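Keep in mind that what you see is a predicted model, and the values were worked out from it rather than measured.
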Amino acid sequence: MMMMKMIKFLLVTLVVVLSGHISSYADKGLMIRECHNARVPTICMQCLESDRESVHADPVGIASIVIKCLDSNLNVLTKQVFTSLNITKLLLEKEKDGDAIKIALEGCKKDLSEAMRKALSDAKKGLKTGDYDKAGQSIKHVIGFPLMCKYNLQTAELDFTPFYSQINIYAQLSDAAMRIIDRF
């Protein structure tokens, strides 16, 4: 009986090894190699380590996970802008000095909720279809919006430090995604 179980175990192991499933999975070493090329590898690794699927991902899967982190970060940015826009509108009812801030926040709101969502969606589609040039171009396009938003808000003299920190994280994740995709 024990011999039969051992033979079954060895056969299952042999089938798995021969089918290539084990060799196609990433490990922590691959994650480190893919993030090593990013300007801030720590942010890239934090992103990958936050997703339990990353240890089973190939390089394209790793890029997809980083894009998923970008999407998640975009949700945080969008919520911050919507909240700030509502606060700004309330303040403007009492004083008229904040029109530049209101205009900048409304521009951010539009870009974050519309243009960036489409560009991230295009990047995901490019990865799925193997069109890595399209995916890379979409990621490059995505980073311009929050940087312009940050610039416009700083020009309007809005002290919005938490938002600017999130934009920096977003930029670092975008950089990591572009560098991973550029290696395909």
Q | side chain to side chain contact (heavy atoms under 4.5 Å, CB included) assessment of S138 paired with L120 | A | CA-CA 7 Å; S138 295; L120 277 177; over 6 Å; no
Q: Apply side chain to side chain contact (heavy atoms under 4.5 Å, CB included) to the pair D71 and K124, showing each step before the final yes or no.
A: CA-CA 10 Å; D71 200 26; K124 290 176 192 175; 3.2 Å; yes
Q: Decide yes or no on side chain to side chain contact (heavy atoms under 4.5 Å, CB included) for Q46 and T42, but give the supporting numbers first.
A: CA-CA 6 Å; Q46 287 173 348; T42 308; 3.9 Å; yes
Q) Yes or no on salt bridge (charged side-chain N to carboxylate O under 4.0 Å, His left out) for K28 and E49, after CA distance, side-chain angles and deciding distance? A) CA-CA 9 Å; K28 188 119 177 171; E49 289 173 344; 2.6 Å; yes
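Contact of the D182 side chain with the Y132 side chain is not registered, since no non-hydrogen atoms from C-beta on lie closer than 4.5 Å. Taking the side chain as every heavy atom from C-beta outward, H141 and D122 never approach each other to under 4.5 Å. The shortest distance between side-chain heavy atoms of L48 and C35 falls below 4.5 Å. Contact check for L105 versus F160: side-chain heavy atoms found under the 4.5 Å cut-off. Between K150 and N168, some side-chain heavy-atom pair lies under the 4.5 Å cut-off.
When hydrophobic clusters are built by joining Ile, Leu, Val, Met, Phe, Trp and Tyr residues whose side-chain heavy atoms come closer than 4.5 Å, directly or via intermediates, M45 is grouped together with V40. Linking Ile, Leu, Val, Met, Phe, Trp and Tyr whenever their side-chain heavy atoms come within less than 4.5 Å leaves M148 and Y170 in two separate clusters. In the hydrophobic clustering of this structure, F145 does not group with Y151; members are Ile, Leu, Val, Met, Phe, Trp, Tyr whose side-chain heavy atoms approach within less than 4.5 Å, directly or through other members.
With respect to K125 and D131, no salt bridge is recorded, no charged nitrogen being found less than 4.0 Å from a carboxylate O. Using a cutoff of 4.0 Å between basic side-chain nitrogens and carboxylate oxygens, E34 and R183 are scored as salt-bridged.
A donor-acceptor contact shorter than 3.5 Å links the side chain of S50 to the backbone of C47. S121 places no side-chain N or O within donor-acceptor distance of the main-chain N or O of R117, the cut-off being under 3.5 Å. No donor-acceptor pair under 3.5 Å is formed between the side chain of R179 and the backbone N or O of A38.
When the side-chain contact (heavy atoms from CB on, under 4.5 Å) test is applied to A63, the partners found at least two apart in sequence or on another chain are L127, I180, I181, F184.
Atom CZ of R39 has 12 or fewer heavy atoms from other residues, nucleotides or ligands within 6.0 Å.
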